[in-house]
Amino acid sequence: MVEELSPDAFTKAIGGYIAANSLGGIAGRVAGGVLTDYFDWKTAVFVIATFTLISALLVIAMLPKQQHFKPARGLFYHHNRSLVTHISNPTVWVAMLIGGINFALFVNLYSVMGFRLVEAPHNLPIALSSLIFLCYLAGTLSSKLSANWRKRYPPIPGMVFGTLLSLLGMLVALFESIPMMLLGLLLISGGAFFTHTLAYAWVSQKATQAKATATALYLVHYYIGGSLGGFFLLYCWQVGRWPGVVEGGALLYAALFGLCYKLYHIDQRSAHADKPINHPF
């Protein structure tokens with residue numbers, strides 16, 4: 001998208017893309033929970049997989065042809081070299097780490113909340129507890145609002161703001177009350193998607209070459225973070241329930257703030273290095 005669209009159009013498009021991503025997350029999870037409750041998990045998987053296949057075919061049919069993006073062709077090691085280049089560029093790679101840890105927190109805080117709601121003292125059925133994913137709508141809104149933020153303010157403070165919002169949500173959910181849990185999930189969703197949209201756009205625009213590879217590598221970090229975060233936060237849940245999750249999550253939030261601080265200083269050094277030197281003669 002960054003090569004196909006103007007900077008202003010890209011800012012709007014990336015927010016719309018992430019917003020649609022959140023709506024897909026809502027639809028899949030709510031439908032999966034309801035279908036599992038009324039039928040079984042195999043039926044749920046089959047229905048969602050069929051819907052996904054049909055959607056993919058529609059995308060192939062409806063997506064406009066690219067006009068400016070030119071895919072790189074060549075031997076496999078040329079693509080590997082692009083991957084090494086991106087990982088060696090701290091301006092890009094640190095933002096990828098931010099995306100990975102952010103998703104590790106977001107997706108697994110939701111997973112733990114689902115376990116929390118189906119157990120005592122709440123004992124909600126699976127279909128009803130899956131409705132917590134409607135809280136993703138806060139992320140749908142915040143990902144669109146991130147476009148307005150990028151027009152007025154730098155992206156890195158926005159990543160810090162999104163992380164603070166998500167952290168506040170985790171703390172609010174400490175209260176053993178379903179309304180407070182839902183409020184916490186709304187804050188977690190709004191903050192996480194705000195950070196994700198800004199970090200994703202940052203990687204797309206800061207990569208100096210092979211931009212498609214850079215965004216793909218960002219998503220690799222994003223989903224690896226979600227997977228590894230599950231091992232960590234679900235273990236925290238097993239050991240200490242939600243207070244244990246808060247303690248473990250606090251470590252990941254601290255890492256996020258540290259990475260935002262590091263990215264800010266890397267960006268400042270890069271901007272300073274790019275400034276022309278005014279010679280006296």
Side-chain angles (χ1 to χ4, degrees), residues 21-22 25-26 28-30 32-33 36 41 94-126 128-136 138-139 142 159-196 199 218-262:
N21 188 272
S22 70
I26 294 170
R29 287 166 172 81
V30 172
T36 299
W41 69 267
V94 172
M96 294 179 183
L97 293 176
I98 290 172
I101 296 176
N102 178 59
F103 193 57
L105 282 159
F106 168 69
V107 70
N108 292 296
L109 287 175
Y110 262 89
S111 297
V112 171
M113 191 65 76
F115 298 150
R116 188 179 177 190
L117 288 172
V118 299
E119 290 188 349
H122 307 291
N123 298 314
L124 295 183
I126 294 175
L128 191 57
S129 66
S130 68
L131 294 179
I132 63 172
F133 292 103
L134 291 173
C135 293
Y136 269 38
S142 70
M159 297 181 205
V160 174
F161 172 73
T163 303
L164 281 170
L165 203 61
S166 180
L167 171 60
L168 177 61
M170 183 182 72
L171 296 176
V172 166
L174 270 168
F175 293 94
E176 201 63 55
S177 157
I178 290 180
M180 295 301 288
M181 293 181 202
L182 295 178
L183 175 60
L185 288 176
L186 287 170
L187 293 170
I188 290 167
S189 296
F193 273 99
F194 198 79
T195 299
H196 169 44
Y218 172 88
L219 292 175
V220 169
H221 282 73
Y222 188 69
Y223 288 111
I224 287 178
S227 300
L228 296 179
F231 289 105
F232 178 58
L233 288 182
L234 295 182
Y235 174 76
C236 293
W237 163 254
Q238 290 171 341
V239 172
R241 282 343 205 209
W242 190 258
V245 171
V246 170
E247 292 176 5
L251 295 176
L252 296 181
Y253 280 112
L256 270 180
F257 287 124
L259 288 169
C260 289
Y261 179 79
K262 183 175 180 62

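Reckoned from all heavy atoms, side chains included, excluding hydrogens, waters and symmetry mates.
- Side-chain atoms of Ser166 and Tyr253, non-hydrogen and from C-beta on, do get closer than 4.5 Å to each other.
- Nearest heavy atoms, Gly99 versus Tyr218: CA-OH, 3.4 Å.
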Could you please spell out the steps behind the salt bridge (charged side-chain N to carboxylate O under 4.0 Å, His left out) verdict for Arg241 and Glu119? CA-CA 11 Å; Arg241 282 343 205 209; Glu119 290 188 349; 3.1 Å; yes
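- Nearest heavy atoms, Met170 versus Val246: CE-O, 3.5 Å.
- Listed here is the closest heavy atom pair of Cys236 and Gly244: CB-O, 3.5 Å.
- Cation-pi geometry between Arg116 and Trp242 is satisfied (NZ or CZ under 6.0 Å from the ring centre, within 45° of the ring normal).
- In Phe257, the CZ atom is crowded: over 12 heavy atoms of neighbouring residues, nucleotides or ligands sit closer than 6.0 Å.
- Taken from NZ in Lys262 to CG in Leu97, the straight-line distance is 10.0 Å, to the nearest 0.5 Å.
- Between atom CZ of residue Phe194 and atom CZ of residue Phe161 there is a gap of 6.0 Å, rounded to the nearest 0.5 Å.
- Counting heavy atoms from C-beta outward, Met159 and Cys260 have side chains that approach closer than 4.5 Å.
- You'll find the side chain of Phe103 stays beyond 4.5 Å of the side chain of His221, heavy atoms only.
- With Tyr223 contributing its side chain and Gly100 its backbone, the two residues share no donor-acceptor pair below 3.5 Å.
- Between His196 and Tyr222, the gap from one ring centroid to the other is short of 6.0 Å.
- At least one side-chain heavy atom of Leu256 sits less than 4.5 Å from a side-chain heavy atom of Leu105.
- Residues Leu183 and Phe175 form no side-chain contact, since every pair of their non-hydrogen atoms from C-beta on lies 4.5 Å or further apart.
- The line from OG1 of Thr195 to CG of Asn102 is 5.0 Å long, rounded to the nearest 0.5 Å.
- Minimum interatomic distance between Ala104 and Asn108 (heavy atoms only, all atoms of both residues): O-ND2, 2.8 Å.
- Residues Leu233 and Val112 approach most closely at O-CG2, 4.1 Å, considering heavy atoms.
- Taking CZ from Arg29 and OG from Ser129, the interatomic distance works out to 13.0 Å, rounded to the nearest 0.5 Å.
- A distance below 6.0 Å separates the ring centres of Phe106 and Tyr110.
- Put simply, the side chain of Leu164 reaches to within 4.5 Å of the side chain of Val160, judged on heavy atoms.
- Residues Leu128 and Leu131 meet the side-chain proximity criterion, which asks for heavy atoms closer than 4.5 Å.
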Would you sort out whether Val118 and Asn123 count as a side chain to side chain contact (heavy atoms under 4.5 Å, CB included), showing the intermediate values? CA-CA 4 Å; Val118 299; Asn123 298 314; over 6 Å; no
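- Between the CD1 atom in Ile101 and the CG atom in Leu251 there is a gap of 11.0 Å [rounded to 0.5 Å].
- Residues Phe133 and Tyr136 bring their aromatic ring centres within 6.0 Å.
- Atoms CG and CD1, from Leu186 and Ile132 in turn, are 11.0 Å apart once rounded to the nearest 0.5 Å.
- With hydrogens and angles disregarded, no donor-acceptor distance shorter than 3.5 Å links the side chain of Ser189 to the backbone of Gly139.
- Across every non-hydrogen atom of Gly190 and Leu165, the tightest pair is C-CD2, 4.1 Å.
- Taking the side chain as every heavy atom from C-beta outward, Thr163 and Ile98 never approach each other to under 4.5 Å.
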